[in-house]
Amino acid sequence: MIKKFIRRILGAKDKEVDPTQPAILGPKEHGIDPQLVSPNALKVTQTLQDAGFKAFVVGGAVRDLLLGVKPKDFDIATNATPEQVKRLFRRAFIIGKRFQIVHVMLGQEQLEVTTFRGASSDGSPKDEHGRVLRDNTFGEQHEDAVRRDFTINAMYYDPATQTVLDYHGGIADIKGKTLRMIGAPEARYREDPVRLLRVVRFAAKLDFAIEPATSAPIKVMAPLINNVPAARVFDEMLKLLMSGQALACLQQLRKQGLHHGLLPLLDVVLEQPLGEKFVTLALANTDARIKQGKPVSPGFLFAALLWHQVLEKWTAYQTAGEYPIPALHLAADDVLNAQTEKLALQRKIASDMRDIWAMQPRFERRIGKSPYKLLEHLRLRAGYDFLLLRCASGEIDSEIGEWWTDFIAADGGGREALLNKKAKAAEGAAAKKRPRRRNGRSKPQDGSGTANGA
Ligand code: ATP
Ligand code: MG
């Protein structure tokens, strides 16, 4: 009842503004710094406009420009068809099934050029839950604006005239730090449940409040995400994790009840007390790297998110009598199989994760040629960073991480010295505690190795 009432009021308010007529803002009103616009984006809009088409920077880039943030990439919207766009650029590729877009490559930069989308998805084919399966219709700019998700993502910027076209009150919402769905939120979530994740990501990333009508249906509609193809969920999850606000995003997801049954990965991650410290550290680390402009590998990220699940299974396999190394591989298989099915982990990412995990017990073998072999490993850096996270979370003794920091930095003589020192320390410890023990690799009794005794 209340929801209906609110919607009726909002609907009435919507009708007051003509959604086909944008508010047009000049440079003094919007205050965008033209220096923040990539020269390649300018080249693309210019080329399209010179050929007689309309062309604008659109979506997240305009939002970021209005917030005074340098956009990480630029999307362009045009009335040219994909074929017409492709003909204007030397390196341009038409991609996409659900809706065709063109990737224009200029130097290292990839720009996504999208033709204005047509009006309504009412006639488009849908699955039994109302999710739109295909809609490849082109349309007018105002129709394209209605199809976008949030008011702040539905503005168009023309770099040539330095004007912003705002169809849905996006400027006001940027000022009010508000995330507002265009249209009726429930229907918009139903036609594309990925928007449930997007709302959370933007709220956390921009530190914006979710407007009540936009946030109200989230909890109830959360299960709809299960019908979305795993690859799309994965893409959106990756954006969320690489947003520079991954921790805040996950906290929001939890707050909105979106982690439950919604994403198998998050169920695991957020509900294991032991792993929480590790995951928190890993995400804080990732956020810091992204803010410093350093690269982050998805493989590392997912390896971290799932590590404590691997640890649990690793222990179980050893308890059941497996040797440590095969037990670790079996545990990795289990975790990867479960997640690949549900999360569409790409093969390359899964293999990076396995590499990082498999390296961990090898860091603990600090005798003979083992450490030298590990130094040659292609993924040493990732494995070592992972080791440091394990130390920082208290899972293993920080001495191991420090030793490896020294070993990696040392020259030939220094490395021998470190190995000798380690061998002497091990001998000393063995003599003190277990005078007759021969095998230094057996389960440590002092808590200095992993809980799994690898
Ligand atoms: P980011 O800065 O994180 O890339 P973004 O807003 O650019 O944020 P994209 O996923 O790159 O997000 O999408 C570009 C634009 O396309 C959005 O700003 C929005 O206008 C539109 N869009 C993307 N996904 C959806 C969706 N699921 N439903 C409606 N519109 C969408
Ligand atoms: Mg974008």
Side-chain angles (χ1 to χ4, degrees), residues 22 36-38 41 56-78 95-96 98-103 109-121 124 130-135 139 141-157 164-168 170 173-174 179-208 214 218 221 224-225 227-229 231-246 248-249 287 290:
L36 292 178
V37 180
S38 121
F56 299 85
V57 172
V58 70
V62 184
R63 179 195 68 220
D64 291 348
L65 287 169
L66 287 166
L67 290 168
V69 177
K70 193 177 167 60
K72 63 174 168 43
D73 47 38
F74 284 83
D75 296 330
I76 312 291
T78 178
I95 59 149
R98 192 161 166 264
F99 190 81
Q100 285 192 332
I101 58 172
V102 186
H103 279 170
E109 196 171 343
Q110 176 180 294
L111 296 109
E112 217 168 277
V113 183
T114 317
T115 307
F116 294 145
R117 297 173 114 184
S120 113
S121 54
S124 314
R131 188 172 67 84
V132 173
L133 296 173
R134 261 188 321 281
D135 67 286
Q141 185 173 28
H142 66 86
E143 295 172 314
D144 183 84
V146 179
R147 303 288 307 272
R148 295 184 179 270
D149 44 11
F150 306 105
T151 59
I152 58 163
N153 282 348
M155 288 179 276
Y156 302 78
Y157 176 62
V164 168
L165 272 55
D166 178 12
Y167 286 88
H168 295 281
D173 283 340
I174 290 258
L179 211 53
R180 188 190 313 270
M181 184 75 87
I182 296 170
E186 218 180 290
R188 302 301 311 280
Y189 290 129
R190 190 172 297 284
E191 63 186 23
D192 184 6
V194 158
R195 290 171 187 150
L196 293 161
L197 296 180
R198 292 177 63 83
V199 74
V200 168
R201 171 161 69 92
F202 290 126
K205 178 176 149 175
L206 306 170
D207 195 19
F208 273 33
T214 302
I218 298 179
M221 304 197 89
L224 285 182
I225 206 93
N227 313 315
V228 178
R232 270 201 86 209
V233 175
F234 179 79
D235 283 350
E236 209 46 52
M237 272 296 294
L238 203 56
K239 282 190 192 175
L240 194 144
L241 293 170
M242 309 273 246
S243 66
Q245 294 288 348
C249 282
D287 287 347
I290 286 177

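Residue numbers count from 1 along this sequence. Computed over heavy atoms, backbone and side chain alike; hydrogens, waters and symmetry mates excluded. Keep in mind that this is a model prediction, so the values were computed, not measured. Indexing begins at 1, ligand by ligand and atom by atom, following the structure's order.
Enumerated by chain and number, the residues approaching ligand 1 to less than 4.0 Å through a heavy atom are G59, G60, R63, K72, D75, R147, R148, D149, N153, D192, R195, R198, R201, F202, K205, R232, K239.
The backbone N or O of G183 sits nowhere less than 3.5 Å from a side-chain atom of R188 that would complete a donor-acceptor pair.
Taking the side-chain hydrogen bond (donor to acceptor under 3.5 Å, both in side chains) definition, one finds that T214 meets it with E211, sequence neighbours left out. Annotation: salt bridge (Lys or Arg N to Asp or Glu O under 4.0 Å) contacts of D173 (sequence neighbours excluded): R180.
Ring geometry, Y156 versus F56: the interplanar angle exceeds 60°, so the pair is classed perpendicular (tilted spans 30 to 60°).
C249 has its side chain out of reach of L241: every pair of non-hydrogen atoms, C-beta onward, lies at least 4.5 Å apart.
Applying the side chain to side chain donor-acceptor pair (under 3.5 Å) rule to pairs touching residues 62-78 yields R63-N153, sequence neighbours excluded.
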